[in-house]
Amino acid sequence: MGTEARPILPPLREVIAAHGLQASKALGQNFLLDEQLLDRIAAIPGSLKDQPAFEVGPGPGGLTRAILRAGARLVAVERDNRCLPALAELSDAFPGQLRVISGDAMQVDARAEAGEKAHIIANLPYNVGTALLIGWLSADWEPLPWWSSLTLMFQMEVAERIVAKPNGDHYGRLAVLSQWRSDARIAMKVHRSAFTPPPKVMSAVVHITPKPAPEAVQLKHLERLTAAAFGQRRKMLRQSLKGLPGALDALETVGIDPQRRAETVSVEEFVELARVIGR
């Protein structure tokens, strides 16, 4: 048996020119046109053959076509109506594989649209990327979330905050939220020159896979704890946490020196503090 024939698609530059598309600064758009690079991004989650997938902000469809080539059943949400004709052409080229929703990803129920165990893969618009990530990381874990993996393009600074370890400038609330029940890594760095137009900063693709949540720990306690601790990150914990009921007692119970600062507290220690506070 030979490999399945792939549709022959025009180069992305031709698609953009044919539809008169230009990246919108207001929508935080930067288009990726290198097809080999896009195929590498689509390969990060592993095999997508017959797997459900969800994409935010496909634009002219560069990453979209890479995900479809990998065999996924894809739902893509695009709020820029200018891009819909180009995406419709992709729907025709990959029959039954692509469904495009015209709308704002912040308002779309990704779980309902994409289905259980979907792989979320996106070159996220810079202006909503972190908010979308936090929404997916805050999903119900029962014992795992509805999504299988997150493969997301961010500005390098945001990527570094997601994967940061203690005792570094990038370590903060986003690192704890990303790592307390998930594994997060930078899978690929992407030079600014790969984009049209080139952004001012470098970018990176972050890959996040969920794991069972620690027992007897509630997200709300962890969020309050990290908000207080990192809200005054240069202060000692005894100062930054004094307004949070039960926090100072929890430090003593867990055996954490109240003179430490938030940036020195590991994800595991924050989890243990949240567990104690929640009792």
* Would you say the side chain of Trp146 lies within less than 4.5 Å of the side chain of Ile120, judging by non-hydrogen atoms? -> yes
* Test: Arg111 and Glu116 ion pair at under 4.0 Å -> yes
* Can you tell which of Arg234, Lys235, Met236 makes a side-chain contact (heavy atoms from CB on, under 4.5 Å) with Gln232? -> Lys235
* Rounded to the nearest 0.5 Å, what's the gap from OG1 on Thr264 to CZ on Arg233? Could you check? => 10.5 Å
* To the nearest 0.5 angstrom, please state how far the CD atom of Gln259 sits from the CZ atom of Arg238. => 4.5 Å
* Asked: Hey, does Leu68 have a side-chain heavy atom less than 4.5 Å from the side chain of Leu98?
  -> yes
* Asked: Are the side chains of Leu133 and Ile162 in touch, meaning some heavy atoms are under 4.5 Å apart?
  -> yes
* Structure fact -> Here the gap from Leu132 atom CG to Asn127 atom CG, rounded to the nearest 0.5 Å, amounts to 9.5 Å
* All side-chain hydrogen bond (donor to acceptor under 3.5 Å, both in side chains) counterparts of Asp183, not counting sequence neighbours -> Lys211
* To do: May I ask you to say whether Arg73 pairs ionically with Asp50, meaning some side-chain N is under 4.0 Å from a carboxylate O?
  => no
* Sub-4.5 Å side-chain heavy-atom contact between Ile67 and His119 -> no
* So, do Arg185 and Ile44 sit near enough that their side-chain heavy atoms are less than 4.5 Å apart? -> yes
* Could you walk me through whether Lys242 and Leu248 pass the side chain to side chain contact (heavy atoms under 4.5 Å, CB included) check? -> CA-CA 6 Å; Lys242 67 181 182 182; Leu248 297 184; 4.1 Å; yes
* Shared hydrophobic cluster, Leu241 / Val176 (ILVMFWY, side-chain heavy atoms < 4.5 Å) -> yes
* Among pairs that include at least one residue of residues 167-176, which meet side-chain hydrogen bond (donor to acceptor under 3.5 Å, both in side chains), considering only residues two or more places apart or in two chains? -> Glu160-His170
* To do: Return the set of residues passing side-chain hydrogen bond (donor to acceptor under 3.5 Å, both in side chains) with Thr226 (not counting sequence neighbours), or none when no residue passes.
  => none
* To do: Look at Arg69 together with Glu35 and state whether they make a salt bridge at an N to O cut-off of under 4.0 Å.
  => yes
* To do: Rounded to the nearest 0.5 Å, what's the gap from CG on Leu137 to CG on Leu150? Could you check?
  => 6.5 Å
* In terms of hydrophobic clustering (I, L, V, M, F, W, Y; side-chain heavy atoms under 4.5 Å; direct or indirect links), are Val163 and Val201 co-clustered? -> no
* Pair Gln179, Lys165: side-chain N/O donor-acceptor within cut-off below 3.5 Å -> yes
* Asked: Side-chain contact, heavy-atom cut-off 4.5 Å: Pro145 with Asp140?
  -> no
* Asked: Is Val217 reachable from Ile134 through a run of hydrophobic residues whose side-chain heavy atoms are each under 4.5 Å from the next?
  -> yes
* If you take all heavy atoms of Phe54 and Leu74, which pair is closest and at what distance? -> N-CD1, 3.8 Å
* Do the two ring centres, one from Trp141 and one from Trp136, sit under 6.0 Å apart? -> no
* Any Lys/Arg nitrogen of Lys220 or Glu223 sitting under 4.0 Å from an Asp/Glu carboxylate oxygen of the other? -> no
* Any side-chain heavy atom of Leu63 sitting closer than 4.5 Å to one from Leu32? -> no
* Structure fact -> Closest heavy-atom pair, Ala204 versus Ala159, reported as atoms and distance to 0.1 Å, is CB-CB, 3.8 Å
* Might you point out which heavy atoms bring Pro60 and Leu12 nearest each other, and give the distance in Å? => O-CD2, 4.3 Å
* Just by distance, with hydrogens left out, do Ser102 and Glu78 show a side-chain donor and acceptor under 3.5 Å apart? -> no
* Measure the CE-CZ distance between Met156 and Arg192 for me, rounded to the nearest 0.5 Å. => 13.0 Å
* Looking at Pro125 and Val56, what are the two nearest heavy atoms and their distance? -> CD-CG1, 4.1 Å
* Kindly work out whether a path of hydrophobic side-chain contacts (I/L/V/M/F/W/Y, heavy atoms less than 4.5 Å apart) joins Val100 to Val15. => no
* Let me know which of Arg82, Glu14, Glu89 forms a side chain to side chain donor-acceptor pair (under 3.5 Å) with His19. => Glu89
* Structure fact -> Rounded to the nearest 0.5 Å, the CG atom of Leu152 sits from the CD atom of Glu55 at a distance of 11.0 Å
* Heavy-atom side-chain contact between Phe195 and Met153 under 4.5 Å -> yes
